[in-house]
Amino acid sequence: MAERAVLGVHRGRQGGAGPGAHPSIGGRRRSLADRIGERGLYLLSLAAASLSVVIAGGLVAKVLAEAWPALSAFGLDFLTTSAWDPVHGRFGAAAFLFGTAVSSFGALLIATPLSILIALFLSELSPRRSRGPIAALIELLAGIPSVILGLWGILVLGPVMRDTIEPALHDTLGSIPVLGNLFGPDYSIVGMLPAIVILTIMTVPIVSSLMREIFATVPAATKEGALALGATRWEMIRTVVLPHARPGMVGAVILGLGRAVGEAIAVTQVIGGTEGIRANLFLPSDTLASRIAGQYQGATSDLQIASIAYLGAILLALALLSNGVARLWVRDAAGAAA
Amino acid sequence: MRLRQMAVDPLGARVPNLRRRRIVNAAWIGSAWAGASIAVGLLLVVVAGVVARGIGSINPTFLTTPTDPFGSGGGISNAIVGTAILVALASAMAVPVGILTALYTSEFASRRLASGLRYVLDVLNGVPTIITGIFVFGLLVVGRSQSGWAGAAGLAIVMVPLIARSGQEVLALVPSGLREASLALGASRWRTVLRVVIPTSIGGLVTGALLAVARAAGETAPLLFTCSIFPNLVQTDPSRVLPNIPITIFQFSESPDPVKHAQAWAAALVLIAFVLAVSMVARLLSARTRRRLQELR
């Protein structure tokens with residue numbers, strides 16, 4: 001009752017002559033509209049939210065269904081077979097699992113320390129005025145479409161890799177007993193190393209901005225306490241910031257790993273797309289995601305398409321695993337601090 | 001450990017390794033500066049590289065003629081038109097769904113349901129976009145053929161979690177006092193949402209949508225299986241395969257022909273200019289909205 005009266009008065013004042021002259025009628029109409037609107041907005045938003053969940057669920061179901069023929073034909077042997085032979089219908093993911101592991105871990109090996117340094121710089125070190133612009137620039141780096149990074153990787157980075165960086169690496173590291181084989185004497189434009197570099201460029205902005213958020217949750221009083229006790233800035237960071245942020249940092253790195261594992265386009269452009277497992281970073285290789293992308297025009301048989309979807313299912317499992325775990329981790333870290 | 005040691009000698013002046021500590025500190029500061037410079041430097045190197053190589057091929061003809069099938073000359077007007085249509089269609093699908101999802105979590109859902117939804121959206125956001133491509137391929141392409149609709153659906157699936165998540169963050173910033181004031185004046189819930197909550201947060205909602213558009217415009221992987229085999233002519237019917245910029249760059253970059261490379265650089269410049277412009281507008285808008293919301297608190 002009260003609601004109707006208030007609305008009626010409001011309407012009357014607003015409308016002047018015309019329908020507003022009968023506040024009670026206006027009020028009743030509005031309450032009908034309210035009932036429809038209330039229900040309508042609720043149902044619409046509920047439908048949208050359900051659609052998001054249905055998409056997530058449908059995606060998993062559909063990829064598994066697509067992969068089914070290959071799943072039933074190869075079973076788990078798919079994971080340990082490294083053949084990719086459309087002519088004889090023999091397919092396996094081992095080589096691509098290896099390539100995914102090496103490229104992603106390689107990228108994170110470089111990206112993690114770099115991201116920590118950038119995040120520390122932005123949260124503890126940089127002058128207040130330059131903090132915003134630098135953070136924005138780094139996030140713009142995250143916004144560069146991967147296909148453009150791939151283009152840059154194959155046409156600019158590739159030749160530099162072959163002519164300068166790879167020979168230099170071979171000369172300095174190639175003589176180390178076992179490890180030296182990673183830096184073998186075959187130089188090429190496409191290969192594992194350019195893929196690692198491109199993935200590093202792609203993951204640094206994400207991991208560093210996540211870490212910056214986590215560092216921002218360290219209580220200022222604790223940091224000031226350490227400084228007041230005579231700690232240098234580095235000692236303050238080592239004894240206060242890093243221990244406080246550790247769980248969140250692990251989560252951020254896992255999220256970066258998930259991103260690196262799933263990147264298809266840029267990796268396809270620079271990795272060279274070959275089968276086989278080789279312990280030489282300079283040689284072409286292939287990852288799960290890049291093999292899928294590389295096959296988009298070439299799939300001839302249903303079994304091959306199903307095998308591509310099988311690769312996709314493995315990739316999806318890895319992505320869901322890393323994301324599912326890391327999100328909980330990051331959220332707990334941020335939540336505990338809040 | 002270090003802290004305890006210093007607590008004994010708070011002035012630090014007589015700690016024997018002070019010199020060493022200063023050196024370590026300086027080394028750390030130096031490497032943090034170096035790290036940030038490397039990241040910013042990389043951005044500049046990549047962007048400058050694209051601009052330097054692409055700018056020479058950009059001219060009115062390049063922007064207004066379709067790709068020449070035999071590789072000599074020609075432009076990318078077909079890809080520009082196609083990408084515009086694809087992104088517009090994807091936005092038409094994803095913006096309402098994303099914003100309504102955000103509204104549901106912030107206005108209607110219980111706390112537990114809301115956090116569950118956020119989690120699902122985060123995970124959906126982490127799904128590799130090539131998988132989105134496989135999903136849409138299985139859903140809309142198998143048994144039919146590639147089409148603009150399928151490509152737009154793939155891009156929309158990439159956009160929804162981005163829009164919904166950023167929308168949720170912005171809606172959470174709307175002070176509950178505003179909502180309560182509106183409800184206390186007798187306004188119903190949906191009117192409160194339409195008249196108070198959305199107008200207050202509109203800048204942030206638009207920011208989220210713009211960032212998603214910038215992301216979708218450059219996405220290649222969802223289009224690879226759904227909208228990649230197209231003719232070299234301007235196509236506006238989404239039930240056919242729409243030519244688009246990302247796939248064009250992808251295919252040209254894999255070609256051995258230097259003419260194609262030059263075109264790929266020019267197409268990349270067009271794309272990067274669009275993406276950076278949109279995300280910069282979005283960032284300015286978001287800074288403004290956040291400041292306003294902070295003042296309201």
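Every chain is numbered from 1, with letters handed out A, B, ... down the list of sequences.
In this structure, the portions of A/L46 lying under 4.5 Å from any heavy atom of chain B include both its backbone and its side chain. At a 4.5 Å heavy-atom cutoff, B/F252 makes no contact with chain A through either its backbone or its side chain. At a 4.5 Å heavy-atom cutoff, the contact between B/A221 and chain A is made by backbone and side-chain atoms alike. Contacts of A/A293 with chain B are made by both backbone and side-chain atoms, with heavy-atom separations under 4.5 Å. Contact annotation for B/I38: only side-chain heavy atoms (C-beta onward) come within less than 4.5 Å of a heavy atom of chain A. With a threshold of 4.5 angstrom between heavy atoms, B/Q251 approaches chain A through side-chain atoms but not through N, CA, C or O. Residue contact with chain B, scored on non-hydrogen atoms closer than 4.5 Å, involves the side chain of A/I237 exclusively. In this structure, no portion of B/R215 lies under 4.5 Å from any heavy atom of chain A. Proximity to chain A is limited to the side chain of B/L121, based on heavy atoms less than 4.5 angstrom apart. Contact annotation for B/V45: both backbone and side-chain heavy atoms come within less than 4.5 Å of a heavy atom of chain A. Residue contact with chain B, scored on non-hydrogen atoms closer than 4.5 Å, is absent for A/I116. For A/L318, no part sits under 4.5 Å from any heavy atom of chain B, backbone or side chain. When heavy atoms are compared at a cutoff of 4.5 Å, B/V160 approaches chain A solely by way of its side chain, counted from C-beta outward. Only the side chain of B/I157 comes within less than 4.5 Å of a heavy atom of chain A; its backbone N, CA, C and O stay farther away. Contacts of A/L44 with chain B are made by both backbone and side-chain atoms, with heavy-atom separations under 4.5 Å.
Among residues two or more places apart in sequence or in another chain, the side chain to side chain contact (heavy atoms under 4.5 Å, CB included) test is passed with B/A109 by B/Y104, B/L113, B/A114.
Nearest heavy-atom pair across A/A231 and B/R21 is CA-NH2, 4.0 Å. Scanning all heavy atoms of the two residues, the minimum distance from B/A36 to A/F121 falls at CB-CD2, 3.4 Å. Taking every heavy atom of both residues into account, A/L151 and B/A268 meet most closely at CD2-CB, 3.8 Å. The shortest non-hydrogen separation linking A/I265 to B/L224 is CD1-CD2, 3.9 Å. Heavy atoms only, all atoms of each residue included: B/G126 and A/A319 are closest at O-CB, 4.0 Å.
Among B/G218, B/G35, B/A39, B/A32, the residue making the largest number of heavy-atom pairs under 4.5 Å with chain A is B/A32. If you tally non-hydrogen atom pairs under 4.5 Å between each of A/R259, A/R39, A/E139 and chain B, the highest count goes to A/E139. Counting heavy-atom pairs closer than 4.5 Å to chain A, the top residue among B/G49, B/S37, B/G138 is B/G138. Chain A forms the most heavy-atom pairs under 4.5 Å with one residue out of B/G133, B/S253, B/G98, and that residue is B/S253. Here B/E254 is the residue among B/E107, B/M280, B/E254 with the most heavy-atom pairs under 4.5 Å with chain A. Note: B/I131 leads B/L124, B/L211, B/I134, B/I131 in heavy-atom pairs under 4.5 Å with chain A. Each of A/L114, A/L140, A/L59, A/L51 has some count of heavy-atom pairs under 4.5 Å with chain B, and the biggest count is that of A/L59. Interface check for chain B: of the options A/L125, A/I308, A/I305, A/V261, the most heavy-atom pairs under 4.5 Å are formed by A/L125. Ranked by heavy-atom pairs under 4.5 Å with chain B, the first of A/S208, A/G57, A/G258, A/G58 is A/G58. Per-residue heavy-atom pair counts under 4.5 Å with chain A were compared for B/I249, B/L117, B/L103, B/V123, and the maximum is reached by B/I249. The most heavy-atom pairs under 4.5 Å with chain B, out of A/I292, A/V63, A/I154, come from A/I292. Ranked by non-hydrogen atom pairs under 4.5 Å with chain B, the options A/G262, A/A65, A/S50 are led by A/G262.
You'll find the side chain of A/V156 reaches within 4.5 Å of the side chain of B/R53, heavy atoms only. At least one side-chain heavy atom of B/F250 sits less than 4.5 Å from a side-chain heavy atom of A/T268. Side-chain contact check for A/T232 versus B/W28: every heavy-atom pair is 4.5 Å or farther apart. For the pair A/L155 and B/W265, the minimum side-chain heavy-atom distance is below 4.5 Å. Between A/I148 and B/V50 there is a side-chain heavy-atom pair separated by less than 4.5 Å. Using a 4.5 Å heavy-atom threshold, the side chains of B/V275 and A/P145 count as touching. Contact check for A/E66 versus B/F137: side-chain heavy atoms found under the 4.5 Å cut-off. In this structure the side chain of B/T101 never reaches within 4.5 angstrom of the side chain of A/S45, judged on heavy atoms.
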TODO: Begin from the C-alpha positions of A/V204 and B/L42 and carry the test side chain to side chain contact (heavy atoms under 4.5 Å, CB included) through to its verdict.
DONE: CA-CA 11 Å; A/V204 159; B/L42 265 177; over 6 Å; no

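Just one residue in the list A/I201, A/I138, A/L141 forms a side chain to side chain contact (heavy atoms under 4.5 Å, CB included) with B/L43, and that residue is A/L141.
A salt bridge does not link B/R191 with A/E38: none of the charged nitrogens is closer than 4.0 Å to a carboxylate oxygen.
Between the side chain of B/N25 and the backbone N or O of A/W234, at least one donor-acceptor pair lies under 3.5 Å.
Between the CG atom of A/L288 and the CD1 atom of B/I130 there is a distance of 11.5 Å, given to the nearest 0.5 Å. Note that CH2 of B/W33 and CG of A/L120 are 14.0 Å apart. Values are rounded to the nearest 0.5 Å.
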